[in-house]
Novice: 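One structure follows; several queries about it will come next.
These numbers come from the heavy atoms of this one structure, side chains and all, not from hydrogens, waters or symmetry mates. Along the sequence shown, residues carry numbers from 1. Everything numeric in this text was worked out from a predicted model, so none of it was measured.
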Amino acid sequence: MKTYSKTFCIRLMAVIAILGLASCEDFLNRIPQNNLSVDSYFSQDEDFKLFTDGFYGSFVEGPGPSIWLDYRSDLVGQWSSKSGNRSYAELHNGTMMPSSGVVGQYWNWSSIRSAYVLFDNIDRVELTPANRSLYTGTAYYLLAHRYFVMFRAYENVPIVRKVLTLSEADIPSSPKEEVFAEALDNINKAIESLPSLGPTQRERGRLTKLVALTLKANMLLYAAGYYNGALTDAKFTDAATAAQAALNEANATGYGLCSDFNSLFIADRQAGADPQKEIILEYVRLLDLATNSFSYYNFGPHKNNIGWGDFPLTQECVDMFECMDGLPISKSAVYDPEKPFDNRDPRFTLTTIYPGRVCTFADGSQWRANTLSEYEYDSNGNETTVVDNDYMKTLGSSIDRSPSGYINIKYWDRYNGRHGGHGSFINYRYGELLLIYAEAMNEAYGASDEVRSALTQLRARVGMPAVTVETHPTTEALRALIRNERVVELVCEGKRYWDLKRWRLLEERLNMSHYSMHIAKTFNPDGTTATYMDKLTVPVSLDGSVTKEFEIPNGANGGELMHTSIFPGGKFYVWPIPESAINASTTKALQQHPLWQ
């Protein structure tokens with residue numbers, strides 16, 4: 001998606017209306033009738049361009065549902081009262097059913113129908129070879145993405161390869177093997193059709209060959225892991241080959257790591273050349289068009305009653321950030337429980353508010369956040385009468401506070417006020433591609449210098465130590481590091497739920513109780529925590545010269561209960577087909593997944 005004008009958006013609404021022509025998929029996805037005609041629409045190149053622009057909302061994943069799924073992992077904590085009324089709660093409280101609202105999130109065929117509308121009409125107008133290839137490649141990418149996300153959630157879904165009439169619409173699901181093969185076939189066609197462009201050549205947010213190659217690598221890594229190589233053409237060696245092809249394309253066309261990790265996620269910096277070098281695909285939001293901001297309200301501190309501390313990291317997540325010597329806190333000589341946030345992987349400080357962290361607004365003004373204090377402190381370290389809305393136990397707008405004491409601010413746009421944010425959400429970036437490549441290579445061929453090099457490159461950006469034969473000699477050691485790196489590098493980018501699923505760790509990581517801040521003081525020989533801090537000394541003046549001691553709520557006992565996750569396992573690894581879709585199948589051709597019958 002490019003830098004759209006308001007005129008463009010008005011025209012795009014007309015195309016969206018055409019996409020809503022009477023759908024014949026019946027139980028697949030019902031769309032209201034209207035009077036627009038496809039036959040009267042396609043008359044020039046620009047019509048196809050605008051039509052395919054309408055596809056982007058179907059495969060460029062905005063903040064939801066991607067990020068909301070992180071709520072249903074082990075990374076984000078809430079008080080039980082809030083997590084219970086949040087969307088997707090069924091995924092971590094053991095109550096998911098075919099009637100649950102969450103299960104319909106990926107069940108949608110209207111965009112698939114639109115792809116075949118394009119194929120049916122592509123020969124009506126004389127197009128340049130480049131544009132014809134671009135439009136068909138975009139449609140193939142749409143099909144690949146839609147079938148992959150449905151396969152990932154439901155496994156068995158109907159496969160549609162044309163615009164269906166009403167009498168043809170009531171069809172059964174196809175086996176998961178065929179659904180994945182359909183997605184794979186379409187992504188290969190997209191790779192052949194989409195242009196090979198670098199970050200300085202493409203239009204921002206547009207599909208390129210690299211986007212398709214990255215999706216293919218991600219598809220294969222997911223399928224190879226979750227099905228343990230049982231699907232045809234979806235082994236770890238296939239994933240490694242695909243990841244290598246994507247990395248080769250990225251390197252050849254000028255992609256690489258942004259030098260400043262923070263710039264990737266702050267709205268005012270994302271369009272710069274350095275972040276664009278890393279961003280492979282993004283959901284573009286523009287300052288002059290954005291009317292509200294997911295990024296600001298949900299990823300911002302609650303200071304001045306603006307924003308929501310809506311992504312409070314769990315202590316388990318915080319503890320995954322290594323110390324600067326490359327060791328976990330339980331083994332590092334530089335970990336100091338009196339100053340637990342010092343000497344940590346810089347990605348923690350860059351993306352998280354914790355007691356004593358200096359925060360900076362877009363206008364340059366600063367303050368020290370302190371989730372352990374009931375009141376704010378001025379720049380000289382004097383307690384004020386202003387209530388601290390980021391206090392863990394504040395009574396003011398308590399539903400928007402951080403119960404854990406940690407607030408993830410990766411996508412906070414840094415504006416102090418209801419600005420109407422314009423932070424663009426990243427779907428794929430070079431940093432994730434390095435992780436896909438490292439994992440696929442490690443699982444396919446074992447420990448290697450190629451794997452260590454990819455991880456070292458990623459960690460070097462923030463000053464973390466290199467990965468060597470001495471530090472990580474085995475496949476198992478590298479696997480553990482890769483999985484940890486996927487947390488500290490990609491936290492709150494909407495990846496964790498599907499990672500836990502494909503690693504089949506949902507039982508281990510969701511069947512647990514999450515407690516508010518509990519900072520390790522001493523450790524047992526096996527690395528588990530033996531005792532916790534009950535108080536913490538925090539700098540309260542802006543220059544750090546004035547400190548004050550604060551109690552950690554129930555800290556010595558391991559914090560206060562936020563919520564308990566429940567994952568029954570078994571059939572809950574597969575989402576049921578929505579009950580509404582089953583009921584709409586008039587001939588009963590569509591049947592529920594066998595695990596849910």
Side-chain angles (χ1 to χ4, degrees), residues 74-75 257 261 313-352 354-357 404-406 408 410 431 434-435 438-439 441-443 446-492 496 499-500 503 505 508-509 512 515 517-533 536-537 552 555 558-559:
D74 53 346
L75 302 187
L257 291 175
F261 181 81
L313 300 185
T314 60
Q315 187 70 52
E316 288 76 17
C317 177
V318 170
D319 290 347
M320 292 181 190
F321 288 85
E322 296 174 334
C323 292
M324 284 297 293
D325 57 6
L327 296 174
I329 61 173
S330 61
K331 297 181 179 179
S332 174
V334 301
Y335 174 72
D336 180 359
E338 300 288 343
K339 299 178 180 179
F341 312 123
D342 291 355
N343 302 313
R344 299 292 285 274
D345 185 322
R347 288 170 289 189
F348 172 67
T349 300
L350 290 171
T351 59
T352 309
Y354 51 84
R357 183 197 192 275
S404 73
Y406 303 104
N408 180 274
K410 178 173 272 187
L434 287 174
L435 288 167
E439 183 173 357
M441 290 289 289
N442 191 56
E443 297 299 334
S448 67
D449 289 340
E450 289 81 2
V451 173
R452 298 186 186 96
S453 176
L455 295 171
T456 294
Q457 183 181 350
L458 189 66
R459 290 159 61 88
R461 165 169 50 190
V462 292
M464 290 296 288
V467 180
T468 66
V469 174
E470 290 72 28
T471 61
H472 296 83
T474 66
T475 300
E476 292 73 22
L478 284 169
R479 179 184 298 127
L481 178 62
I482 290 166
R483 292 182 176 184
N484 201 77
E485 282 290 307
R486 284 191 66 88
V487 171
V488 300
E489 178 73 19
L490 302 174
V491 61
C492 287
R496 183 63 170 175
D499 281 349
L500 291 176
W503 295 331
L505 292 178
E508 177 183 324
R509 300 304 300 173
M512 65 167 65
Y515 294 86
M517 183 181 292
H518 46 286
I519 297 171
K521 183 176 183 180
T522 61
F523 300 95
N524 297 313
D526 64 356
T528 57
T529 303
T531 62
Y532 299 99
M533 299 289 290
L536 193 65
T537 299
I552 302 172

Novice: Any side-chain heavy-atom pair from L455 and L478 closer than 4.5 angstrom?
Specialist: yes
Novice: Below 4.5 Å, heavy atoms only, C-beta onward: do F321 and N484 meet side chain to side chain?
Specialist: no
Novice: Taking the six-membered ring of F348 (Phe, Tyr or Trp), confirm whether the NZ or CZ of R344 is under 6.0 Å from its centre and within 45° of its axis.
Specialist: yes
Novice: Supply the atom-to-atom distance L257 CG to Q457 CD, rounded to the nearest 0.5 angstrom.
Specialist: 5.0 Å
Novice: Check side chain to side chain contact (heavy atoms under 4.5 Å, CB included) between Y515 and all other residues, then give those that pass, not counting sequence neighbours.
Specialist: S513, H518, L561
Novice: If every non-hydrogen atom of L313 is compared with every non-hydrogen atom of C492, which pair is closest and at what distance?
Specialist: CD2-SG, 4.2 Å
Novice: Looking at side-chain heavy atoms only, is the closest gap between E316 and D74 below 4.5 Å?
Specialist: no
Novice: Grab the two heavy atoms, one from G527 and one from F523, that are nearest each other, plus how far apart they are.
Specialist: O-CD2, 3.7 Å
Novice: Decide side chain to side chain contact (heavy atoms under 4.5 Å, CB included) for R479 and E439; before the verdict, give the C-alpha distance in whole Å, the side-chain angles of both, and the deciding distance to 0.1 Å.
Specialist: CA-CA 7 Å; R479 179 184 298 127; E439 183 173 357; over 6 Å; no
Novice: I'd like to know if E489 and R461 make a salt bridge, using a cut-off of under 4.0 Å between side-chain N and carboxylate O.
Specialist: yes
Novice: Picking from L505, D499, L500, L435, what satisfies side-chain contact (heavy atoms from CB on, under 4.5 Å) with R483?
Specialist: L505
Novice: Give, for atom CG of N524 and atom OG of S330, the distance between the pair rounded to the nearest 0.5 Å.
Specialist: 10.0 Å
Novice: Any side-chain heavy atom of R452 sitting closer than 4.5 Å to one from N442?
Specialist: no
Novice: Check whether any side-chain heavy atom of M464 lies under 4.5 Å from a side-chain heavy atom of R347, and answer yes or no.
Specialist: yes
Novice: Under the 3.5 angstrom rule, does the side chain of D526 hit a backbone N or O of T528 as a donor-acceptor pair?
Specialist: yes
Novice: P337 versus L536: any side-chain heavy-atom pair under 4.5 Å?
Specialist: no
Novice: Please assess W503 against E508 for the test side chain to side chain donor-acceptor pair (under 3.5 Å), listing each intermediate value before the final yes or no.
Specialist: CA-CA 11 Å; W503 295 331; E508 177 183 324; over 6 Å; no
Novice: Taking the basic N atoms (NZ, or NE/NH1/NH2) and the acidic carboxylate oxygens, is any pair closer than 4.0 Å for K339 and D336?
Specialist: no
Novice: Would you say Y406 and Q315 make side-chain contact, with heavy atoms under 4.5 Å?
Specialist: yes
Novice: With a 4.5 Å heavy-atom cut-off, do V491 and R496 have their side chains touching?
Specialist: no
Novice: I'd like to check the side-chain hydrogen bond (donor to acceptor under 3.5 Å, both in side chains) partners of T471; sequence neighbours left out, ordered by chain and number.
Specialist: T468
Novice: Distance alone, cut at 3.5 Å: any donor-acceptor contact between the side chains of T314 and S404?
Specialist: no
Novice: Is any side-chain N of the basic residue among R459 and E485 closer than 4.0 Å to the acidic one's carboxylate O?
Specialist: yes
Novice: Are the side chain of Y354 and the backbone N or O of V318 linked by a donor-acceptor pair below 3.5 Å?
Specialist: no
Novice: Before giving the answer on side chain to side chain contact (heavy atoms under 4.5 Å, CB included), spell out for I552 and M533 the whole-Å C-alpha distance, their side-chain angles and the decisive distance to 0.1 Å.
Specialist: CA-CA 8 Å; I552 302 172; M533 299 289 290; 4.0 Å; yes
Novice: Could you pull out all residues at least two apart from V334 that satisfy side chain to side chain contact (heavy atoms under 4.5 Å, CB included)?
Specialist: C323, D325, S332, N343
Novice: Considering the options T351, L458, V462, D345, which one meets the side-chain contact (heavy atoms from CB on, under 4.5 Å) requirement together with V488?
Specialist: D345
Novice: Going by atom types only, do S453 and D449 share a side-chain donor-acceptor pair under 3.5 Å?
Specialist: no
